[in-house]
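So you know, we letter chains A, B, ... as the sequences are listed, proteins then strands, and number each from 1. As the structure is a prediction and not an experimental result, all values here were calculated from the model.
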Amino acid sequence: MDFLAGPSKRSEGSTGGPVTYRHLLNHQSMTVSNPLRVIAHCDIDAAYAQFEQVRLGLPDDIPLICAQWQSIIAVNYPARKYGIKRFNTIDEAKKMCPHLHVQHVATYRNGEAEAGYWGEADPRTHKVSLDPYRRESLKILAIFKEMIPKGEIEKASIDEAFLDLSLMVAERLLDRFPHLKNVPEDAPSGLDSPLPPPPPIDWTNAGNVFPIHGEGEKGAEDGALAADKSCERPDWEDWALCVGADLMGELRSEVHKRLHYTCSAGIAHNKAMAKLCSAWKKPNNQTVLRAAATPAFLRDMDFTDIRFLGGKLGSAMATEFGAKTVGDMLTVPLEDMQKRFGEESIWVYNILRGIDHSEVTARVATKSMLASKNVRPSVTTPEQGHHWLQVLAGELNVRLRDARDISPGLWPKTLVLSHRTGIEASKSRQTAFPFTRNLSTEYILKYARKLWDEVTQPMNKGNMKLNNIALAFSGLERLEDGQKGIENFFNPNNNAKAATATATGATVKRSTSPTSRGVHVPTEPSPKKPRLPTLHTGKRKTALDSFLARPTDPDASPSINSGFKHDNARKPEDIIEIVDDSIDLPDNGWKCPRCKTVIKGEDSGNLKEQIQEHEDYHFALELQNGPSPARLPKPSKTGSKSRPEGIKRFFEPKSKS
DNA sequence: ACAATATGG
DNA sequence: GGCCATATTGT
């Protein structure tokens, strides 16, 4: 337990000694173990609720919940003051707060091709759409990308992201301390010489700085920080965090300025700690976790709050070692942990000590799209199913078109139909999804129906009772010209007769024992099969292994790259280019050179804003779908459709009921 | 390629 | 609890 003894012990970084010029100057050294590494985690406060509040143009201090049928899926912070929780019903919530705003998520209505906000949402006829939220998520991500052009950005979910600020921070440090750019002549070991001692740190713009001795200690608020300052000399690691926190402050204020969303952030030396401290003070706040404050920060925390320990692994460990807090777990020797949970559990051992070497990896492409519906009442005839297939196919149609607007050539390898009855395990059936130039709901529906028939034929005894139907695209990839089915390519209306003739029957029934595959204890890391390496440097292994995976030691291979790992990651130059694009514009409108969308400024004041927003949209979609191969003037759709489609929908009036 | 399952937001 | 996204395993 002497790990907790005090600030002299580092939780990360300086096990290898002082910060050197190499750490600051050599980008190749910006690895997961660079002591100057700065990682942020950012999380939109009560995201769905805020999205709705802003969409509706409501003031930010009114209590609002976002509803999905009779359930609450998000509660904004004003509403939380009334004690409203996610698990309350809407009626309960209204009782707690009579003037509560209740906004239902967008839905697809009957045969409607577009999701929208209708007066009423009926689970018997409507299907929930999260598309509006996905779009807001992309806008936010685009601002991140713009503000942190040189950092890796990992979208962790619809409302969360990790950012690697290390390069930006190093740059700012050098701007501020130019003398550090050159190694002094008389430096004993060249690049590997320690940096000179830093000046004191001004934390005033950094947000919450978690105190070294924990929260409840003597000097509250400023007192604790003042005490910290007096008893500890500043170091460059803390400087890096402070600069990173300034960056995050600017970024969050930019997000607020442009989109009116508040978010919370954590700034630390690694992902796990950044994630933990973004949740420390919410909403609209940020917290910095210095290495020296990490022991106090973690000590009393429930260790299952740590990312990846919230599931079966965490609870198995809690049971095994009779532990609840991180402090409890610190008494478990590494050997014991490894004996019980495998060699790789050193990952857990480290993270309990604030050490986490996992990288911030940009997600380059969406790999699947799922439209799922819990049907009420259950469908008991194949005909009822057709209705929902129509709705699900319609949604997939919209989503794939949207993605293809920005990422041409994107196409799913397969179409999957899943279904569930009661609480049994889901079953699924899939088929190849041949390329066509004429994507339509009907085209999707054709294959969906085929799957549906295969599924329903065997069960046609009147015993059919499906409670969930889902349709998904999987294996989403950018198709090369050569990959496009030749028939379909030249003959768009060809039905590709023999695309699938799968009739393999008999899926295994497996309804019992949800934990049968549960916490299997990996006594050995199990030699992996030579599986297809994924794009992401093949780090993923089994579910459990991936939690426990020990990162490769970056120090051992200084030659492997730093920030820009992915060939298709956007480079800063591109960003300049695009921002410049938006500057040249005709008087009263603007035509996007990429997608030919025309934006008209109603009052000239917001045209620029709209353009920026549009550019951001491109950014974000490329971030998600991968960059477009080149230009490609799209054949103008004008006039062919009465309803705007694809990217244009982005600029439609948001509420349409 | 296909089907099932795990995990997490 | 509903609606997702991603990854892995066995066949």
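The side chain of Glu160(A) lies closest to dG9(B), out of dG9(B), dC2(B), dC3(C). When each of dA3(B), dG9(B), dG2(C) is scored by its nearest atom to the side-chain atoms of Trp69(A), the top-ranked nucleotide is dG2(C). With distances taken from any side-chain atom of Arg399(A) to the nucleotides dG1(C), dA5(C), dC3(C), the minimum falls on dA5(C). Across dA4(B), dG9(B), dA5(C), the shortest atom-to-atom separation from the side chain of Ser157(A) is found for dG9(B). Of the listed nucleotides (dG1(C), dA5(C), dG9(B)), dG1(C) has the atom at the smallest distance from the side chain of Gln68(A). Here dG9(B) is the nucleotide among dG1(C), dG9(B), dA7(C) with the atom lying nearest to any side-chain atom of Asp159(A).
Listed pair Arg134(A) / dA5(C) meets the phosphate criterion, a side-chain N or O lying under 4.0 Å from OP1 or OP2. In terms of phosphate contacts, Arg420(A) brings no side-chain nitrogen or oxygen within less than 4.0 Å of OP1 or OP2 of dC3(C). For dC4(C), one of the phosphate oxygens OP1 or OP2 lies less than 4.0 angstrom from a side-chain nitrogen or oxygen of Lys127(A). Here Asn374(A) reaches the OP1 or OP2 of dC3(C): one of its side-chain N or O atoms lies under 4.0 Å away. Here Lys373(A) does not reach the OP1 or OP2 of dG2(C): none of its side-chain N or O atoms lies under 4.0 Å away. Distances shown here put a side-chain N or O of Ser428(A) below 4.0 Å from the OP1 or OP2 atom of dA4(B).
We find that CD1 of Ile306(A) is positioned 13 Å from P of dG9(B), with the value rounded to whole Å. If you take CH2 of Trp388(A) and C1' of dG2(C), they are 13 Å apart, rounded to a whole angstrom. If you measure from atom CD1 of Ile158(A) to atom C1' of dC3(C), you get 10 Å, rounded to the nearest angstrom. As rounded to whole Å, 13 Å separates atom C1' of dG2(C) from atom CD of Gln70(A). His419(A) places its NE2 atom 12 Å from the C1' atom of dA4(B), with the value rounded to the nearest Å. Atom CD in Gln430(A) sits roughly 5 Å away from atom C1' in dC2(B) (whole-Å rounding). Whole-Å rounding puts the Leu309(A) CG to dG8(B) C1' distance at 13 Å. When rounded to the nearest whole Å, the span between CZ of Arg376(A) and P of dC3(C) equals 7 Å.
In this structure Asp45(A) satisfies the salt bridge (Lys or Arg N to Asp or Glu O under 4.0 Å) test with no other residue, sequence neighbours excluded. With sequence neighbours excluded, the residues satisfying salt bridge (Lys or Arg N to Asp or Glu O under 4.0 Å) with Glu320(A) are Arg340(A).
Ion pairing between Asp402(A) and Arg135(A) holds under the 4.0 Å rule for side-chain N and carboxylate O. Ion pair Asp131(A)/Arg134(A) flagged as a salt bridge, since at least one NZ, NE, NH1 or NH2 atom sits closer than 4.0 Å to an Asp/Glu carboxylate oxygen.
A donor-acceptor contact closer than 3.5 angstrom links the side chains of Asp356(A) and Ser358(A).
Under the side-chain contact (heavy atoms from CB on, under 4.5 Å) rule, Ile351(A) has a single partner from Ile306(A), Ile346(A), Val326(A), Leu298(A), which is Ile306(A).
Within 4.0 Å (heavy atoms only), Asn468(A) reaches no atom of the nucleic acid at all. Ser372(A) comes within 4.0 angstrom of sugar-phosphate atoms only, judged by non-hydrogen atoms across all strands, and of no base.
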